[in-house]
Structure formats: C-alpha cells, structure tokens
Amino acid sequence: MTGEAAAGVLPIDKPEGPTSHDVVAMARRALNTRRIGHTGTLDPFASGLLLLCIGWATRIAEYLSGLPKTYIAVARLGVSTDTADRTGAVTGTSERWRELSRDEIVRAFQAQVGSFLQVPPRYSAKKVAGVPLHRRVRRGEDVEASPVRVTIHELEVLDVQPPDVRFRVRCSAGTYVRAIARDVGEALGTGGHLTALRRTRIGPHDVEAALSIRELHDPAARQRAMLSPAEALSHLPAVDIGAREAAQVLHGRTLPPPPGTPPEGPVRVLHAGRLLAIAEADGGALRPRKVFPDA
C-alpha cells in the first residue's frame, strides 16, 4: 500500500460494531494508502459521523478534532454498568425510576447544560500516565482519570419512555455522553447507563452527507462525498490572496492582513480556491502556522 490518495476529508457513517481504528484500516485498503487518520473516536457500540483525513490533509486534523459534536443518545435509568454503557457488567439496579415524573427526569437531564468538571468513565481511552484508562483498569489497577472540564452547549430531551430517555446533546470535544447517562442516573438516585449513541454532527459537518462503509470501495461515491481541505475547514474565516502573496506564504513569510481579515484567531489562507496555509491573524500581521505546498 504505497499509493498516495488525493488529499481531503472523507465523512464516514460508522456503523455499530467496528472500532474507529477498524474504519481507518478499511479506508486504507479501499484507497490504497496508509496516510489516513480520524478526528475523534467513536466507541464500537456507537454509530455516526467519523471524519477521515487523507493524504496531507492529516495535517489539518487538529483544527477538526476540537469542534463541538452533536449526538442522539438513549439512556436507561435503573441500571448502572462499569462502562456506563450497555457493553459493561451491571454494577447496580434500582426501581426508583418508577416513582419519577417526566418533569423530574427532564430537569435532571437539562441540569447537565453548562461548563463543569466531568469524570471520564473508568473504561475509556482517556490516558493516565500515558496509558489508556481502560487498559489499566483491565490490568486490575485501582485508578481513575482526573475530572476534565467539558461544556454541554445544548441538551434536548426528545422522548421519555421510562426507564428509557432519548435525548440530543451538543457538547465540546472530550465530553463523554455515557458519563451524562451515568451522572443523571446518580442525580436521580436510580443509576443509569447509555444503550444507544449516534453522532450526527461535527461542527458544520452532518452525517447525512457521509459515506457508508459499503460505499468506501465505490470511487464515484468517494469522490462525491470527499471534502477538499478548504471545505473541511469551512468553520474558519477565509482570506483570499493573489499569486505574489501566495508565493510569500508558501515560504512561511508574514503578510499584512488583507481587507476583511479578522483581528485575531486562525484563518484559512486561500488562493484560487485552494488551501495554501492556516495562519494566525495577530493585529497587524498574518502569520502562517501551517503551510501546505502540496496543495
């Protein structure tokens, strides 16, 4: 597998079952290239949007992995598991959910909205001293990850059919949706875990435009779904420059900011519609941070 696929970002609709790494391996075989990475892990039991960065577009992954993510999930009250999802061993049960009103349940979920410190599930990929937490727990170590600040931007309860609660959540990168089910269950005194999880959006990118696993081997379908690096970074402001400035940017030189440049923050530097660099707008200067001569 030594070929070099065209650079871009391929949105994939991951089914339940395979890991995110499995999907990358499938894509490497289908595209005959090893230079592929993803921008945010989905657990095997989860489905939904996975963004694969291909070719030199792997260098823009950091600008995608931090985007807010939207999920539709189902929590089950009354049963706690050691993984906080349906794949784990049951650690406790309660019938208290039968005593709760719909309003009480909805309020407990909506109380999760905001910024707070969330404890990652013990069986998670969060690293402790450089080793994934799930690996250390399976070795018998009594270890927990430190709480991490997360932000729940929106949480809407879609349906309450006790003991199951279906909800939509938009949250910051690094948020564990199964921890929401766990924490709401604890707040209600019932325990809880996640039974279903589907990622529907990453920033501006929607799963409706994603490719199925089956379509990975269809070149025409891949071409239709593939986003150019400039399109994939549509959440960043764009600055268009001419040929002379383009030559300077490709040598990493700082430019005076063209009219319309934001006063600060990362921007896409485009020439003839192609992404030449990601630069930092800094007052009176535009400083290239990553340059893409292969574009």
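One-based numbering along the sequence shown. Bear in mind that the values here come from a model prediction, so they are computed numbers and not experimental data.
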*asked:* Assess the residue pair Leu270 and Leu275 against the criterion (side chain to side chain contact (heavy atoms under 4.5 Å, CB included)); give the C-alpha distance rounded to whole Å, side-chain angles, the decisive distance to 0.1 Å, and a yes or no.
replied: CA-CA 5 Å; Leu270 308 178; Leu275 180 69; 4.0 Å; yes
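- Hydrophobic clustering, with ILVMFWY side chains joined whenever heavy atoms are under 4.5 angstrom apart, groups Leu286 together with Leu250.
- Residues Leu197 and Ala73 approach most closely at CD1-CB, 3.9 Å, considering heavy atoms.
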*With side chain to side chain contact (heavy atoms under 4.5 Å, CB included) as the test, would you mind laying out the steps for Tyr176 and Arg182 before giving the verdict?*
CA-CA 10 Å; Tyr176 282 91; Arg182 176 200 66 197; over 6 Å; no
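- Put simply, CD1 on Ile202 and CG on Leu49 are 4.0 Å apart, with the number rounded to the nearest 0.5 Å.
- Side-chain polar atoms of Asp85 and Thr83 form a donor-acceptor pair below 3.5 angstrom.
- The side-chain heavy atoms of Val148 and Pro120, taken from C-beta on, include a pair separated by under 4.5 Å.
- Within the 4.5 Å cutoff, the side chain of Arg224 has no heavy atoms near those of the Leu211 side chain.
- Residues Pro262 and Val267 have side chains in contact (heavy-atom distance under 4.5 Å, counting atoms from C-beta outward).
- Contact annotation: the side chain of Ile241 never approaches that of Gln248 to less than 4.5 Å [non-hydrogen atoms, C-beta and beyond].
- A salt bridge does not link Glu62 to Arg289: none of the charged nitrogens lies less than 4.0 Å from a carboxylate oxygen.
- The OG1 atom of Thr39 sits 4.0 Å away from atom CG of Leu51, with the distance rounded to the nearest 0.5 Å.
- Side-chain atoms of Arg96 come within 3.5 Å of backbone N or O of Leu188 as a donor-acceptor pair.
- Linking Ile, Leu, Val, Met, Phe, Trp and Tyr whenever their side-chain heavy atoms come within less than 4.5 Å leaves Val74 and Trp97 in two separate clusters.
- Atom CZ of Arg201 sits in a crowded spot, with more than 12 heavy atoms from other residues, nucleotides or ligands closer than 6.0 Å.
- Using a 4.5 Å heavy-atom threshold, the side chains of His235 and Leu64 count as touching.
- Checked by atom type, the side-chain pair Ser47/Arg198 shows a donor-acceptor distance below 3.5 Å.
- With hydrogens and angles ignored, the 3.5 Å screen pairs no side-chain donor or acceptor of Lys14 with any backbone N or O of Ile12.
- Here the side chain of Asp82 pairs a donor or acceptor atom with the backbone of Ala89 at under 3.5 angstrom.
- Residues Leu31 and Arg222 are in side-chain contact: their nearest non-hydrogen atoms beyond the backbone lie under 4.5 Å apart.
- A salt bridge does not link Arg287 with Glu280: none of the charged nitrogens is closer than 4.0 Å to a carboxylate oxygen.
- Under the 4.5 Å side-chain criterion, counting only non-hydrogen atoms from C-beta, Pro293 is not in contact with Trp56.
- Side chain of Arg199 to backbone of Leu42: no donor-acceptor contact under 3.5 angstrom is found.
- Residues Ile36 and Ile54 come closest through the heavy atom pair CG1-CG1, 4.0 Å.
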*side chain to side chain contact (heavy atoms under 4.5 Å, CB included) between Asp282 and Thr254, worked out*: CA-CA 10 Å; Asp282 181 13; Thr254 299; over 6 Å; no
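- The minimum heavy-atom distance linking Pro266 with Pro237 is given by the pair O-CD, 3.6 Å.
- The backbone N or O of Leu158 lies less than 3.5 Å from no partner atom in the side chain of Arg168, so there is not a single donor-acceptor pair.
- Here the OH atom belonging to Tyr71 is positioned 9.5 Å from the CD1 atom belonging to Ile180, to the nearest 0.5 angstrom.
- Phe109 and Ile72 end up in different hydrophobic clusters when Ile, Leu, Val, Met, Phe, Trp and Tyr side chains are linked at under 4.5 Å.
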_Does Asp183 form a side chain to side chain contact (heavy atoms under 4.5 Å, CB included) with Val119? I'd like the steps, not just the answer._
CA-CA 9 Å; Asp183 294 346; Val119 178; over 6 Å; no
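- For Gly8 against Pro229, the heavy-atom pair with the smallest separation is CA-CD, 4.1 Å.
- Summarising the geometry, atom OG1 belonging to Thr190 is positioned 4.5 Å from atom CG belonging to Leu77; distances are rounded to the nearest 0.5 Å.
- Across all non-hydrogen atoms, the minimal contact from Leu67 to Lys69 is O-NZ, 3.2 Å.
- Leu194 and Ile105 fall within a single hydrophobic cluster, where Ile, Leu, Val, Met, Phe, Trp and Tyr side chains are chained together by heavy-atom contacts under 4.5 Å.
- A chain of hydrophobic side-chain contacts below 4.5 Å, direct or via other Ile, Leu, Val, Met, Phe, Trp or Tyr residues, connects Val160 to Val177.
- Note that OG of Ser172 and CD1 of Ile152 are 6.5 Å apart. Values are rounded to the nearest 0.5 Å.
- Between Glu104 and Arg107, no side-chain nitrogen of the basic residue sits less than 4.0 Å from a carboxylate oxygen of the acidic one, so the salt-bridge criterion is not met.
- His205 approaches Ser234 most closely through the heavy-atom pair CE1-OG, 4.5 Å.
- With rounding to the nearest 0.5 Å, the separation of CD in Gln112 from CD in Glu154 is 15.0 Å.
- Taking the side chain as every heavy atom from C-beta outward, His38 and Val23 never approach each other to under 4.5 Å.
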